[in-house]
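What follows is a set of notes on a single structure, which appears directly below.
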Amino acid sequence: MKEHLSPETPKDNLKLRLGKPKKSAAGIPAALSSMSHGIKKMGLLKTVRTLTMVNQQAGFDCPGCAWPDPSHRTSFEFCENGAKAVADEAMKAKVNPQFFQKYSVKELTGKSDHWLNKQGRIAHPMILKTGATHYTTISWKDAFNHIGSTISNLDRPEQAVFYTSGRTSNEAAFLYQAYVRALGTNNMPDCSNMCHESSGKGLGETIGIGKGTVTLEDFNEAEVILVIGQNPGTNHPRMLTALRDAKHNGAQIIHINPLPEAGLERFKHPQDYMKLDFKTTKLSDHHLQVKIGGDAALMKGFIKTHIQKGQTDASFIKNSTRGYEAMCQQAIATSWKEIVRDTGLDREVIESVGALLASSNATIACWAMGLTQQPNGVAVIQEVVNLLLMGGHVGKPGAGFCPVRGHSNVQGDRTVGIWEAPSDAFLDRMEKGLGFPMPRKHGYDVVNAIRAMNQGKVSVFFCMGGNFLSATPDTHQTAKGLRKIDLTVQVSTKLNRSHLITGKTAIILPCLGRTEIDQQADGEQFVTVENSMGIVHKSTGGLKPASPDLMSEPAIVAHLATASLKDAKLDWMNLVNHYDGIRDLMAESLAGFERYNERVREPNGFALPNPPRDTRSFATDDGFAHFTAHALPDVSVPDDCYVMMTMRSHDQYNTTIYDVHDRYRGIHGNRRVVLMNATDMAKRGWKNRQEVQLTSHFDGVERKSAHWQLVAYDIPSGNIATYFPESNTLVPLDSTAAGSNTPTSKWIIVSIDDNLTTNRVHEEE
Ligand SMILES: Nc1nc2c(c(=O)[nH]1)N[C@H]1C(S)=C(S)[C@@H](COP(=O)(O)OP(=O)(O)OC[C@H]3O[C@@H](n4cnc5c(=O)[nH]c(N)nc54)[C@H](O)[C@@H]3O)O[C@H]1N2
Ligand SMILES: Nc1nc2c(c(=O)[nH]1)N[C@H]1C(S)=C(S)[C@@H](COP(=O)(O)OP(=O)(O)OC[C@H]3O[C@@H](n4cnc5c(=O)[nH]c(N)nc54)[C@H](O)[C@@H]3O)O[C@H]1N2
Ligand SMILES: [Mo]
């Protein structure tokens, strides 16, 4: 029997320290934290030089998040966590061939995620040969020959799967999807499947576009802004500036979240200190501390109030929408008793906020993972759509939908073709532009890719960035699937656990990051990205690459295509000599990309077509926006069980752990913590730091995870919270949102046990 090491990250051996949760975000501590992460990783000079290039017209797009940049920029267009993301990529430390000589894969598996990331940038292509204990160097040429011959020897193209994370540029992503489709498959799962897929589905079906409909300027004209299931103080700090400005213009902010989240309580822009202004701004006017999964019921409560108050936009409803009556009947039939039970909120509170919404002339709804990663992720977003459509809050100033995207180019990747389930219209256009036939059969998304791996249907797994092992549900099941694959390939900047739990042979291809100069045959290249509000713009790296042995992502795709396609179909290598060639092809193959090379060179880029926003029109089947009538989801929980959400700390970027702190929540030193309601803890006789085991329950299957510490926290009774990716072992693979197949990372039924004798024994083949 082969020894199989645990795919879980070992704990950093530090003691749990608890402080008081913060009531205000950013400010001086954030400025200091940006600088200290920078200086520790890049040194002082490089820190100053690098941070002044972030989000500038001639600089690079921040690899942190997808929040847009204002058109009038200051020299300070980054935030604490953007600065951390930049420092983490531009750090001086290197993971070079000597490093891999020193540490076996087994030894590395014993190191924490925090430690792995701290070792630096991967500097050279590496291979883990079948049965080997260590990664050894491989030349780029041999690496492509190996990958190319493995792929071209497959019986069927569907035996290969190509994952994408959301930092990949438009140029790299476009070329990559062209290659995968030239090979003959749509097997392109991406991080979006675990992220905003529910938003894409929910919006696409109702307003005819799977994207948001607001611009940054709309925030200044909004009367009410809803922030639902989102923690911007940590995950989109630059959004707080937009919310502050909106507030100064008179907007009311409604925060809907089981947790208080410091960023939405008070905010201080670090830059204001330079103006000797020490005041903080109170951001949210109302915090509705809804129970996990209670948002659908809450929206019904708002809609009922709205119907009762009148003040709906009757002419918009009549002329531009369908389904209003059925939606209203469904809402009226939902009783206040059910709404109060599912939300955990008082009827009076819901009615008073509902009245505010009914009287607003311009409302924006923002949301993120608190809604999308629910079993009813698609339906609950459609309830938000119902609420806004009633008041005509779309396609007019200060109003509309704002799904706040995660990865900095996740929206662009989807726009240019990273999509396992493309529409025929999309493929028809692509076919015309590229000049070769497109496969029509839909491919695997993330969850179906893991199932296929476990069924032995996948022989090659190629990852353009990301950390598939740790980001996906049910870590042990995913590990089992990955180990059955013949060849896994990771295009990466930093070391992560997906380099350690691999197929029989594994290859690491180290690539350039956003911050670095991309030198090709025809000179230095820029790339393009699309932000959360559909603006496409340039990003130009300015730093010397971390190592001379790195390759750009577009160049990697070109070599891969050349090495593995029997019929080349495109002149891949010539396309990467100058990325204008790729952009010309994009202009031919994608709707809305006409004269791409010209328009993307405008100082602030350009906005992609967005019918609801541009002309208040809806590209649905019948040309109308649609109300939808959904029954309330069943949010009942078995006795003695809790609902668990898995979320991000302030010191991580998804699976990249910068440090072991969660400053705003006052939790330090240990990430294996369970945030729990103090009364719930007292009922079971538990105090802070109690060690417990968690068991998740789904479809009769139990998943166990031991060695967690309880922390009393301001969270509704019956709800608990843990950090991702440590808790991913508990996320059931088959628990996904209806309609989007997104893992329900914010809805996991868990029992808690202080008897630690039943440690999980993992079955290994
Ligand atoms: N620094 C930093 N920035 C990031 C990331 C990062 O890891 N670090 N990740 C990036 C990515 S890919 C993404 S997708 C985004 C994620 O950004 P967020 O969606 O803000 O991330 P999460 O930490 O998952 O937090 C979700 C929020 O939803 C709330 N929530 C949970 N369940 C419910 C519910 O049932 N109802 C409601 N109303 N709220 C609920 C939680 O309390 C939490 O505040 O951030 C992006 N930006
Ligand atoms: N339980 C639970 N699970 C979740 C979530 C949750 O809230 N709870 N959130 C989900 C969400 S929203 C998302 S988006 C996914 C994230 O899933 P992924 O996108 O797969 O994961 P990341 O941790 O962002 O990937 C980090 C790795 O990307 C590589 N990388 C960084 N920059 C670059 C680059 O420029 N190019 C290349 N090629 N590689 C690069 C580095 O090697 C780094 O180790 O996780 C999902 N998983
Ligand atoms: Mo995400």
Side-chain angles (χ1 to χ4, degrees), residues 63-67 79-82 84-85 88-89 113 116-117 122 163-169 172 190-196 227-237 255-261 264 288 290-295 298 367-374 380 404-410 446 463-473 490-499 508-515 553 556 635 643 645-656 658 715 719 721-728 730-731 742-743 745-748:
C65 74
W67 190 256
C79 63
E80 175 193 0
N81 279 348
K84 281 186 208 161
D88 203 64
E89 181 176 299
D113 287 349
L116 290 177
N117 177 59
I122 305 171
Y163 175 71
T164 313
S165 173
R167 280 197 193 177
T168 297
S169 66
D190 71 341
C191 70
S192 188
N193 297 149
M194 303 181 267
C195 185
H196 267 293
V227 182
I228 316 172
Q230 207 203 326
N231 178 20
T234 286
N235 297 316
H236 306 91
H255 177 213
I256 299 170
N257 199 315
L259 298 179
E261 306 298 26
L264 284 157
L288 301 183
V290 64
K291 284 202 236 173
I292 300 176
D295 303 270
L298 180 59
W367 70 86
M369 299 302 104
L371 291 191
T372 64
Q373 298 176 337
Q374 294 287 343
V380 71
V404 183
R405 301 279 162 177
H407 268 300
S408 51
N409 197 40
V410 62
V446 163
C463 293
M464 187 58 84
N467 181 3
F468 192 84
L469 171 83
S470 304
T472 53
Q490 306 284 328
V491 179
S492 308
T493 52
K494 303 290 290 284
L495 203 54
N496 65 45
R497 212 152 288 276
S498 294
H499 302 121
I508 305 176
L509 303 178
C511 66
L512 291 174
R514 257 315 150 70
T515 55
E553 289 180 352
I556 289 173
V635 288
V643 183
M645 61 157 105
T646 60
M647 59 179 186
R648 294 154 171 80
S649 77
H650 195 61
D651 265 343
Q652 72 184 83
Y653 193 92
N654 298 338
T655 68
T656 298
Y658 300 139
I715 184 170
N719 290 172
T722 51
Y723 297 127
F724 134 69
E726 282 80 353
S727 50
N728 282 40
L730 294 165
V731 184
T742 294
S745 305
K746 302 286 189 275
W747 181 270
I748 302 148

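In each ligand, atom 1 is the first atom listed, and ligand 1 is the first ligand listed.
- Nearest to atom 37 (C) of ligand 2 among the protein's heavy atoms is Glu553 OE2, 3.1 Å.
- Around atom 2 (C) of ligand 2, the closest heavy atom drawn from Leu730, Thr646, Thr656 belongs to Thr646.
- Side-chain atoms of Gln230 never come within 3.5 Å of backbone atoms of Val227 as a donor-acceptor pair (strictly under, hydrogens ignored).
- Among the atoms of Asn81, some N or O lies under 3.5 angstrom from an N or O of ligand 1.
- Between Thr168, Thr493, Leu469, it is Thr493 that holds the heavy atom closest to atom 31 (C) of ligand 2.
- Contacts between Asp295 and ligand 1 below 4.0 angstrom, taking non-hydrogen atoms only, involve the side chain exclusively.
- Between the side chains of Thr722 and Ser727, at least one donor N or O lies within less than 3.5 Å of an accepting N or O.
- In summary, the atoms of ligand 1 found under 4.0 Å from a heavy atom of Met647, numbered by their order in the structure, are 23 (O).
- Of all the heavy atoms of Cys511, the ones lying under 4.0 Å from any atom of ligand 2 belong exclusively to the side chain.
- Of all atoms in ligand 1, listed by their number and element, those nearer than 4.0 Å to a heavy atom of Thr234 are 1 (N), 2 (C), 3 (N).
- Taking a cut-off of under 4.0 Å to the non-hydrogen atoms of Glu261, the atoms of ligand 1 that pass are 42 (O), 43 (C), 44 (O).
- Distance alone, capped at 3.5 Å, places no donor-acceptor pair between the Lys494 side chain and the Thr656 backbone.
- In this structure, atom 22 (P) of ligand 1 lies nearest to the protein heavy atom Arg648 NH1, 3.6 Å.
- The protein non-hydrogen atom at the shortest distance from atom 30 (N) of ligand 1 is Gly370 CA, 3.6 Å.
- Shortest contact from atom 8 (N) of ligand 1 to any protein heavy atom: Gln652 O, 2.7 Å.
- Put simply, the side chain of Lys291 does not reach to within 4.5 Å of the side chain of Val643, judged on heavy atoms.
- Of the N or O atoms in Asn654, one or more lie within a sub-3.5 Å distance of an N or O in ligand 1.
- Nearest-heavy-atom check against atom 20 (O) of ligand 2 across Tyr653, Tyr163, Phe468 picks out Tyr163.
- On a distance-only criterion, Gly294 and ligand 1 share no N/O pair closer than 3.5 Å.
- By the criterion of a heavy-atom distance under 4.0 Å, the side chain of Ser745, and not its backbone, is placed next to ligand 2.
- Using a 4.0 Å cut-off between heavy atoms, His407 contacts ligand 2 through its side chain alone, with no backbone atom that close.
- Of the protein's non-hydrogen atoms, the one nearest atom 26 (C) of ligand 1 is Lys746 CE, 3.7 Å.
- Looking from atom 28 (O) of ligand 2 to the surrounding protein, the closest heavy atom is Gly466 N, 3.1 Å.
- Judged by distance alone, with hydrogens and angles left aside, the side-chain atoms of Asn409 form a donor-acceptor pair with the main-chain N or O of Thr168 at under 3.5 Å.
- Considering backbone and side-chain atoms alike, Leu371 places every N or O at 3.5 Å or more from each N or O of ligand 1.
- Between His407 and Tyr653, some side-chain heavy-atom pair lies under the 4.5 Å cut-off.
- Distance from atom 11 (C) of ligand 1 to its nearest protein heavy atom, with residue and atom name: Gly406 CA, 3.2 Å.
- Contact annotation: for Met369 versus ligand 1, heavy atoms closer than 4.0 Å belong to both the backbone and the side chain.
- With distances taken over non-hydrogen atoms, the option nearest atom 32 (N) of ligand 1 out of Arg167, Arg405, Gln374 is Gln374.
- Closest to atom 42 (O) of ligand 1 among all protein heavy atoms lies Asn257 OD1, 2.7 Å.
- In this structure, a donor-acceptor pair under 3.5 Å is absent between the side chains of His196 and Thr372.
- When only modelled atom types and interatomic distance are considered, Thr515 and Glu89 share a side-chain donor-acceptor pair under 3.5 Å.
- What sits closest to atom 40 (C) of ligand 1 on the protein, heavy atoms only, is Pro258 CD, 3.3 Å.
- Under a 3.5 Å cut-off, the side chain of Ser745 and the backbone N or O of Gln373 do not form any donor-acceptor pair.
- Distance from atom 46 (C) of ligand 2 to its nearest protein heavy atom, with residue and atom name: Ala471 O, 3.5 Å.
- If you check which protein heavy atom lies closest to atom 45 (O) of ligand 1, you get Asn235 CB, 3.3 Å.
- Listed by chain and residue number, nothing satisfies the ring pair (Phe, Tyr, Trp, His ring centres under 6.0 Å) test with Phe724 (two or more places apart in sequence, or in another chain).
- Considering Cys65, Cys195, Pro232, Ser408 only, the shortest heavy-atom separation from atom 14 (S) of ligand 1 involves Cys195.
- Counting the atoms of ligand 2 from 1 in the order shown, those under 4.0 Å from a heavy atom of Thr655 are 22 (P), 23 (O).
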